[in-house]
Undergrad: 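This is the structure I want to talk about, given as structure tokens.
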Protein chains: 2
Amino acid sequence: MKTKKSILLVEDDPNFGRILKDYLTINNYEVTLAVNGIEGFEKFNKSEFDLCILDIMMPFKDGLTLAREIREINDIIPLIFLTAKNLKDDVLKGYKIGADDYLTKPFDSEILLAKIKSILNRKPNVNIDENDVFEFDFGDFSFNSKLRILTHKLGETYKLSPKENQLLKMLVLNFDDLLPRDIALNKIWRDANYFTSRSMDVYIAKLRKYLEKDFTLKIINVHGEGFRLMKE
Amino acid sequence: MKTKKSILLVEDDPNFGRILKDYLTINNYEVTLAVNGIEGFEKFNKSEFDLCILDIMMPFKDGLTLAREIREINDIIPLIFLTAKNLKDDVLKGYKIGADDYLTKPFDSEILLAKIKSILNRKPNVNIDENDVFEFDFGDFSFNSKLRILTHKLGETYKLSPKENQLLKMLVLNFDDLLPRDIALNKIWRDANYFTSRSMDVYIAKLRKYLEKDFTLKIINVHGEGFRLMKE
DNA sequence: GTAATACATTAACATTTCCTTAAGAAAGTT
DNA sequence: AACTTTCTTAAGGAAATGTTAATGTATTAC
């Protein structure tokens, strides 16, 4: 469960791309911009999105090809196509791949926004595998990542912040195993750099503080690699 | 093998309506044609459909009004609007009511067909008829969402306003679990933005005031996610 | 036709939660 | 020793929420 819905926008025209990105950002979406199909596919694989907006006409790899690749991996994420001209063929191909909608440029931004809302609202929680599991037991704790609460068997219940929650969830899913820094950073912070890394350290410290109620649990650092949640 | 998908087509132009009906019939849909909003609503109530295609400009009762009435009864059936002109306002209103898509006349029939397929293939509609249930007991309260009354065992009976009522119902249906803000906003307010969100907060405050007669009941906020009605 | 009522939205201000950044210490690596 | 990475606490600001009051608007009562 995330606060903002995230959108992958793949658009080769840098001016138009930026304007559209800004417009969607103002309207409370988290937008990742890619300038061609290749970059689009890389970014798609790097983190998780709720919706993709793909320009069809693009150099190197066009939007339809990209859509096919995305559909091979994920057959539920909604796709919206942008077509420069009213190319009926492209539109029909798009639907065949499994598009949810298309818009012909130039289009009205308010209508795009309405479409996005309509599409995202109709599928409230499609990401089944992720939202299915949210109850974990480890050590003396039980952890509900949906309600964002961490309960100690004897004592208190802690309310976790979104970041604490996501990080703990990833640690628990990799219990006793290494959680690579980059992986966590790209998934939770959507970027891996010096600052996000420092921020992650802060959150590791916070989690350690919660977990210290059970002496046997430890979050150990693997220098240069990541963290590992383990018992004993 | 499943039966044919059925479509309710509401279109006042008899020529166009017949042509479109025939075209869809050829393409293996079962089509019911209504010539205005009033007849459309009657037919909608008479049998079950998988999809509605509504012309907006119609005498007696226009498509938007009809859509609102349909949405009151059934908030999952997909709606497609037909607009004679490119009336942006109508399109936006349509989306606000909960349209799935729109087409501006004249439109390409193949594209309409592609849209219909796209919408119907999306997901099997699980029609949970939660309208059957309207009596709830929780804590020291009994709550009738049909009569919009909330009764405390010992003391008073409160009359709830429509919004209070809907919100409390959603909280109760998700008792002890998270009611995501977005879900509630999109269902009750039909839009999720800053203002509707603030409005929802006001209603949460009102409900808390009612519920405080039972100390053990709480509406907890999950920051950035939503609310949770819980006991103890 | 005007007043009263009910309801919803918006405003205003207080409070809480959250995240990032900074900064200095500690630990690990070469 | 020099350098990099990690640990931890704290401060500051942005965003979300809590709450009450004011405003707007439609319906009902008289």
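Below, read A as the first sequence line, B as the second, and so on, with proteins coming before strands; counting in each chain starts at 1.
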Undergrad: Could you tell me the separation between the CD atom of A/E225 and the P atom of D/dT5, rounded to a whole number of Å?
TA: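 Whole-Å distance recorded here is 12 Å.
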Undergrad: Could you pull out the closest heavy-atom pair between B/A67 and B/L79, with the gap in Å?
TA: CB-CD1, 4.0 Å
Undergrad: Taking for each residue the nucleotide of DNA chain D with the nearest heavy atom, is it B/V222 or A/F227 whose nucleotide lies nearer the 5' end?
TA: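 Looking at the nearest nucleotide for each, A/F227 comes out on the 5' side.
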Undergrad: Rounded to the nearest Å, what distance is computed from the CG atom of residue A/N28 to the P atom of nucleotide D/dA14?
TA: 17 Å
Undergrad: For DNA chain C, whose closest nucleotide is more 5', that of A/K163 or that of A/N221?
TA: A/K163
Undergrad: In this structure, is the centre-to-centre distance between the rings of B/F143 and B/F136 below 6.0 Å?
TA: yes
Undergrad: By nearest heavy atom, map A/I219 and B/G226 onto DNA chain D; which one lands nearer the 5' end?
TA: A/I219
Undergrad: Do any of residues 193-216 of chain A sit with a heavy atom less than 4.0 Å from DNA chain C, and if so which?
TA: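 A/F195, A/S199, A/V202, A/Y203 - these, ordered by number, are the residues of the stretch whose heavy atoms sit under 4.0 Å from the strand.
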Undergrad: Would you kindly say whether A/Y102 and B/K115 are connected by a side-chain donor-acceptor distance under 3.5 Å?
TA: no
Undergrad: Measure from CZ on B/R190 to P on C/dT9 and round the result to the nearest Å.
TA: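 Distance, rounded to whole Å: 14 Å.
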Undergrad: Rounded to the Å, how far apart are A/H223 NE2 and C/dT29 C1'?
TA: 6 Å
Undergrad: Between P on D/dT5 and CG on A/D182, what's the gap in Å once rounded to a whole number?
TA: 12 Å
Undergrad: Can A/R198 be said to sit on top of A/Y194's aromatic six-ring, NZ or CZ under 6.0 Å from centre and within 45° of the ring axis?
TA: yes
Undergrad: Against the six-membered ring of B/F134, is B/K146 placed for a cation-pi contact (under 6.0 Å from the centre, within 45° of the normal)?
TA: yes
Undergrad: Is the shortest side-chain N/O distance from A/W189 to OP1 or OP2 of C/dC19 below 4.0 Å?
TA: no
Undergrad: Provide, to the nearest angstrom, the distance between the CD1 atom belonging to B/I220 and the P atom belonging to C/dT17.
TA: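 Interatomic distance, CD1 of B/I220 to P of C/dT17: 11 Å.
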Undergrad: Round to the nearest Å and state the distance from A/L167 atom CG to C/dC18 atom P.
TA: 15 Å
Undergrad: Angle class for the A/F175/A/F138 ring planes (parallel below 30°, perpendicular above 60°, tilted otherwise)?
TA: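 Tilted: the ring planes of A/F175 and A/F138 meet at 30° to 60°.
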Undergrad: In Å and rounded to the nearest 0.5 Å, what is the CD1 to CG distance from A/I219 to A/L171?
TA: 5.0 Å
Undergrad: Could you tell me the separation between the NZ atom of A/K159 and the P atom of C/dT16, rounded to a whole number of Å?
TA: 12 Å
